[in-house]
Amino acid sequence: MKTQVAIIGSGPSGLLLGHLLKQAGVDCIVVERQAREYVEGRIRAGVLETVTTDLMHKLGIDAGLNANGLLEEGFNLADGEKLIRIEITKLTGKHVVVYGQTEVTRDLIDAAPERGLEIVFEAKDVAIHGADSDTPAITYIKDGVEHRVDCDFIAGCDGFHGPSRKAIPAPLIREFEREYPFGWLGILADVPPCHPELIYSNGPRGFALASMRSPTRSRYYIQVPLTDKGEDWSEDRLWDELALRFDPISLNRVVRGPALEMSIAPLRSYVCETMRHGRLFLAGDAGHIVPPTGAKGLNLAASDVAYLADALIAHYRQDDDNALAGYEQKALARIWKAERFSWFLTKLMHRFPDDGPFEHRMQQAELDYVAQSHAMQLAIAENYVGLPL
């Protein structure tokens, strides 16, 4: 098989890139290791910046977003006793939209056939060949048969554990990482949210997040030690803990219901500054990970894709490679700012094991300053809605 751009990974970054290229007349194919049902069932983020929703509108794949997305004009920080509302629309003129990454992925997959975007699911043992040559290719095994795709460029949109970043020679990799000494225990349930807007709380019992996917579906998280396992937490125990943390500060009480999904995820900050190797380009989680505190993971992947799609389209339409040459630098400038904001909120809102009374007082002082400072609220709002491309 021959194509212009081979895309590895059918998460939102790979699918958005594929649709943008097809819309511009650039031939491409998406290759995915997992089955379609697995990809569509993954529970992920739910807060979309304008950069992400603008791409969905540009593609015309926005019916679900327009019908079911919840426009949020603010969110809340809390010290366990009082809410500090960050009025993002009043401060920036922008808003965010609550619409699950699961729904974004399904919308993009459903639109692929009519747009002529080919997605190969259950492609095993994907391998990259000749990334630093003029004739790159990928191979994969499907139904026991090996397939080869010759291409001009390879887009690695295959997440943190995929083969794309691993295809870059170790001496060329520039990596920066911070692993956090706790995880997030999350629960998804078909119950109404306890508050109309998100609440990030740093109370005496530690961090907790109250969020939603719809008016009838809620997503909650609490901070737990890395030593905790899923089997350590029953649903009742988690609901009890959430009620203790949110009932005193939320507009409505926490409503309990059967878990649709319940799991513990570790937190890390990670950046691979080598986002290009020859004709291989990294985008999304293949090149960077942010702690979910700042709601930047999917949105940062979308900005990578916006830069990369424009660069590839310029190559084919104008024979201009300047944007391809500048992709890494341009993407990293936004990545590091998003990493900084996510790190800042993580430090502010979590209880770190090595922190003592002094550090807790510093967090309280910072939250008190946020509550009283228009400038600080503006800075937080600007970062939360997403910095300009």
Student: Can you confirm whether Gln101 sits close enough to Pro12 that some side-chain heavy atom of one is under 4.5 Å from a side-chain heavy atom of the other?
Tutor: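 They are in side-chain contact.
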Student: Does atom CD of Gln329 have more than 12 heavy-atom neighbours, drawn from other residues, nucleotides or ligands, at distances under 6.0 Å?
Tutor: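 No, not enclosed.
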Student: Does Gln4 form a side-chain contact (heavy atoms from CB on, under 4.5 Å) with Cys151? I'd like the steps, not just the answer.
Tutor: CA-CA 5 Å; Gln4 291 175 310; Cys151 54; over 6 Å; no
Student: Do Glu241 and Arg237 pass the salt bridge (charged side-chain N to carboxylate O under 4.0 Å, His left out) test, and can you show the C-alpha distance, the side-chain angles, and the key distance before you say yes or no?
Tutor: CA-CA 6 Å; Glu241 189 68 31; Arg237 181 188 175 193; over 6 Å; no
Student: Under 6.0 Å between ring centres, would you say that holds for Trp336 and Phe176?
Tutor: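 When the ring centroids of Trp336 and Phe176 are compared, they turn out to be within the sub-6.0 Å range.
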Student: More than 12 non-hydrogen atoms from neighbouring residues, nucleotides or ligands closer than 6.0 Å to CD on Glu73, yes or no?
Tutor: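 No, the 6.0 Å shell around CD holds no more than 12 heavy atoms from other groups.
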Student: Donor-acceptor check, side chain of Ser164 to backbone of Asp158, threshold 3.5 angstrom: yes or no?
Tutor: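 Looks like no, no N/O pair under 3.5 Å.
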Student: Check whether the side chains of Thr216 and Asp190 place a donor and an acceptor atom closer than 3.5 Å, and report yes or no.
Tutor: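 No, Asp190 and Thr216 have no side-chain donor paired with an acceptor closer than 3.5 Å.
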Student: Going by heavy atoms in the side chains, are Leu209 and Thr293 under 4.5 Å from each other?
Tutor: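 Result no, sub-4.5 Å side-chain heavy-atom pair not found.
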Student: Taking a hydrophobic cluster as the set of Ile, Leu, Val, Met, Phe, Trp and Tyr residues connected by side-chain heavy atoms closer than 4.5 Å, whether directly or through intermediates, do Ile199 and Phe344 fall within one such cluster?
Tutor: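 Not linked; separate clusters.
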Student: Salt bridge or not for Arg268 and Glu177, using N-O below 4.0 Å?
Tutor: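 Judged by the 4.0 Å cut-off on N to carboxylate O distance, Arg268 and Glu177 do form a salt bridge.
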Student: Any chance NZ of Lys337 has more than 12 other-residue heavy atoms, nucleotides or ligands included, within less than 6.0 Å?
Tutor: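 No - once you tally the heavy atoms of other residues, nucleotides and ligands closer than 6.0 Å, there are 12 at most.
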Student: How close do Leu226 and Tyr180 get, counting heavy atoms only, and between which atoms?
Tutor: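 Taking every non-hydrogen atom into account, CD1-O, 3.6 Å.
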Student: For the residue pair Leu242 and Arg256, establish whether any side-chain heavy-atom pair is separated by less than 4.5 Å.
Tutor: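 Counting from C-beta outward, Leu242 and Arg256 never come under 4.5 Å.
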Student: Quick one: are Leu198 and Met212 in side-chain contact, heavy atoms under 4.5 Å?
Tutor: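 Leu198 vs Met212: side chains touch.
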Student: Check Lys330 with Asp310, please: is the shortest side-chain N to carboxylate O separation under 4.0 Å?
Tutor: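 No salt bridge links Asp310 with Lys330.
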Student: Could you give the distance from CG (Leu83) to CG (Leu251), rounded to the nearest 0.5 Å?
Tutor: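 If I round to the nearest 0.5 Å, the distance is 9.5 Å.
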Student: State plainly whether one hydrophobic cluster holds both Leu267 and Ile335, where clusters connect Ile, Leu, Val, Met, Phe, Trp and Tyr through side-chain heavy atoms under 4.5 angstrom apart.
Tutor: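 Each belongs to a different hydrophobic cluster.
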Student: Any non-hydrogen side-chain atom of His57 less than 4.5 Å from a side-chain atom of Asn66?
Tutor: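 Result yes, sub-4.5 Å side-chain heavy-atom pair found.
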Student: Is the NZ atom of Lys90 crowded by more than 12 outside heavy atoms at less than 6.0 Å?
Tutor: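 Counting other residues, nucleotides and ligands, NZ of Lys90 stays at 12 neighbours or fewer.
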Student: Assess whether ring pair (Phe, Tyr, Trp, His ring centres under 6.0 Å) is satisfied between Phe160 and His288, documenting all intermediate values.
Tutor: CA-CA 8 Å; Phe160 186 76; His288 44 77; over 10 Å; no
Student: Does the side chain of Tyr99 come within less than 4.5 Å of Thr53's, by heavy atoms?
Tutor: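 No, too far: nothing below the 4.5 Å cut-off.
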Student: Anything under 30° is parallel, anything over 60° is perpendicular, the rest tilted; go ahead and classify His350 against Phe207.
Tutor: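 Aromatic pair His350/Phe207 classed parallel.
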Student: Looking at every non-hydrogen atom in both residues, tell me the closest pair between Tyr270 and Gly287 and how far apart they are.
Tutor: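 Answer, listing the atom of Tyr270 first, then Gly287: CE2-O, 4.0 Å.
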Student: side-chain contact (heavy atoms from CB on, under 4.5 Å), that's the test. Do Asp228 and Phe182 meet it? Break it down for me.
Tutor: CA-CA 9 Å; Asp228 280 16; Phe182 42 73; over 6 Å; no
Student: Is it the case that one hydrophobic cluster holds both Tyr384 and Met376, taking links as side-chain heavy atoms less than 4.5 Å apart, direct or via other members?
Tutor: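 Yes, one cluster joins them.
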Student: Step by step, work out the side-chain contact (heavy atoms from CB on, under 4.5 Å) result for Val191 and Val254.
Tutor: CA-CA 9 Å; Val191 295; Val254 172; over 6 Å; no
Student: Let me confirm one number: the NE2-OG1 distance from His147 to Thr139, rounded to the nearest 0.5 Å.
Tutor: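 The NE2 atom of His147 sits 11.0 Å away from the OG1 atom of Thr139.
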Student: Assess Lys347 against Phe352: is NZ or CZ under 6.0 Å from the centre of the six-membered ring, and within 45 degrees of the ring's axis?
Tutor: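 The answer is yes, since Lys347 meets both limits relative to Phe352.
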Student: Is Arg253 salt-bridged to Asp247, cutoff N-O under 4.0 Å?
Tutor: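 Yes, Arg253 and Asp247 are salt-bridged.
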Student: Is Phe75 linked to Leu298 within one hydrophobic cluster, defined over Ile, Leu, Val, Met, Phe, Trp and Tyr using a side-chain heavy-atom separation of less than 4.5 Å?
Tutor: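 Hydrophobic grouping puts Phe75 apart from Leu298.
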Student: Quick one: do Asp152 and Tyr316 satisfy side-chain hydrogen bond (donor to acceptor under 3.5 Å, both in side chains)? Show the steps, please.
Tutor: CA-CA 11 Å; Asp152 300 328; Tyr316 287 109; 2.7 Å; yes
Student: Work out which heavy atom in Tyr221 is nearest to a heavy atom in Gly186; give both atom names and the distance.
Tutor: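 For Tyr221 and Gly186, the tightest heavy-atom pair comes out as CD2-CA, 3.4 Å.
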Student: Do any N or O atoms from the side chain of Ser342 and from the backbone of Val290 form a donor-acceptor pair under 3.5 angstrom?
Tutor: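 No, Ser342 side chain to Val290 backbone: no donor-acceptor pair under 3.5 Å.
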Student: Under a 4.5 Å cut-off applied to non-hydrogen side-chain atoms, are Pro192 and Ser218 in contact?
Tutor: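 They are not in contact (no side-chain heavy atoms under 4.5 Å apart), so the answer is no.
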Student: Just by distance, no angles: are the side chains of Asp368 and Gln372 close enough, under 3.5 Å, to form a donor-acceptor pair?
Tutor: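 Yes, because at least one side-chain N or O of Asp368 sits under 3.5 Å from a partner of the opposite role on Gln372.
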Student: For the atom pair CE (Met349) and OG (Ser201), what is the distance rounded to the nearest 0.5 Å?
Tutor: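 It comes to 6.0 Å.
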Student: Charged N to carboxylate O under 4.0 angstrom, Lys229 versus Glu231?
Tutor: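 No.
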Student: Tell me whether the centres of the aromatic rings in His195 and Phe246 are closer together than 6.0 Å.
Tutor: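 No, too far apart.
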Student: Quick one: is the NZ or CZ of Arg340 closer than 6.0 Å to the six-membered ring centre of Trp343, and within 45° of its axis?
Tutor: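 Output no; distance or angle outside limits.
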Student: Any side-chain heavy atom of Gln377 within less than 4.5 Å of one from Glu87?
Tutor: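 No, every pair of side-chain atoms sits at 4.5 Å or beyond.
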Student: Among the clusters formed by ILVMFWY side chains lying less than 4.5 Å apart, do Tyr369 and Tyr200 turn up in the same one?
Tutor: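 Cluster IDs for Tyr369 and Tyr200 match.
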Student: Taking the side chain from Arg115 and the backbone from Leu59, do they hold a donor-acceptor pair closer than 3.5 Å?
Tutor: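 At least one qualifying donor-acceptor pair exists.
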Student: Within this structure, what is the CG-CZ distance for the pair Leu332 and Arg174, rounded to the nearest 0.5 Å?
Tutor: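 One gets 7.5 Å once the value is rounded to the nearest 0.5 Å.
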Student: Grab the two heavy atoms, one from Pro204 and one from Asp79, that are nearest each other, plus how far apart they are.
Tutor: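 Shortest heavy-atom contact: CD-O, 4.5 Å.
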Student: Any salt bridge between Arg276 and Asp132, counting N to O under 4.0 Å?
Tutor: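 Not counted as a salt bridge, because no side-chain N and carboxylate O are separated by less than 4.0 Å.
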Student: side-chain contact (heavy atoms from CB on, under 4.5 Å), that's the test. Do Leu308 and Leu20 meet it? Break it down for me.
Tutor: CA-CA 10 Å; Leu308 185 54; Leu20 288 167; over 6 Å; no
Student: Determine whether Asn202 and His360 satisfy the following criterion, side-chain hydrogen bond (donor to acceptor under 3.5 Å, both in side chains), listing intermediate values before the conclusion.
Tutor: CA-CA 10 Å; Asn202 179 359; His360 296 161; over 6 Å; no
Student: Between CG of Leu348 and CD of Gln363, what distance do you get to the nearest 0.5 Å?
Tutor: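 So the gap between those two atoms works out to 6.0 Å.
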Student: Ion pair present between Lys296 and Glu49, side-chain N to carboxylate O less than 4.0 angstrom?
Tutor: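 Looking at Lys296 and Glu49, the cut-off is met.
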Student: Could you tell me if His161 and Asp285 have a donor-acceptor pair between their side chains, going purely by distance under 3.5 Å?
Tutor: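 Side-chain D/A pair, Asp285 to His161: absent.
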Student: Distance from Ser303 atom OG to Leu16 atom CG, nearest 0.5 Å?
Tutor: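 Result: 11.0 Å between the selected atoms.
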Student: Compare every heavy atom of Ala286 with every heavy atom of Gly156, then report the nearest pair and how far apart it is.
Tutor: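 Closest approach of Gly156 to Ala286, heavy atoms only: O-CB, 3.5 Å.
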Student: Looking at Glu81, I'd like to know if its CD atom is crowded, meaning that more than 12 non-hydrogen atoms belonging to other residues, nucleotides or ligands lie closer than 6.0 Å.
Tutor: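 For Glu81, atom CD is not crowded (no more than 12 foreign heavy atoms under 6.0 Å).
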Student: Provide the closest heavy-atom pair for Gly257 versus Trp239 in the form atom of the first, atom of the second, distance.
Tutor: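 The answer is O-NE1, 3.1 Å.
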Student: Can you tell whether the side chains of Arg219 and Glu261 come within less than 4.0 Å, N to carboxylate O?
Tutor: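 Yes, this pair counts.
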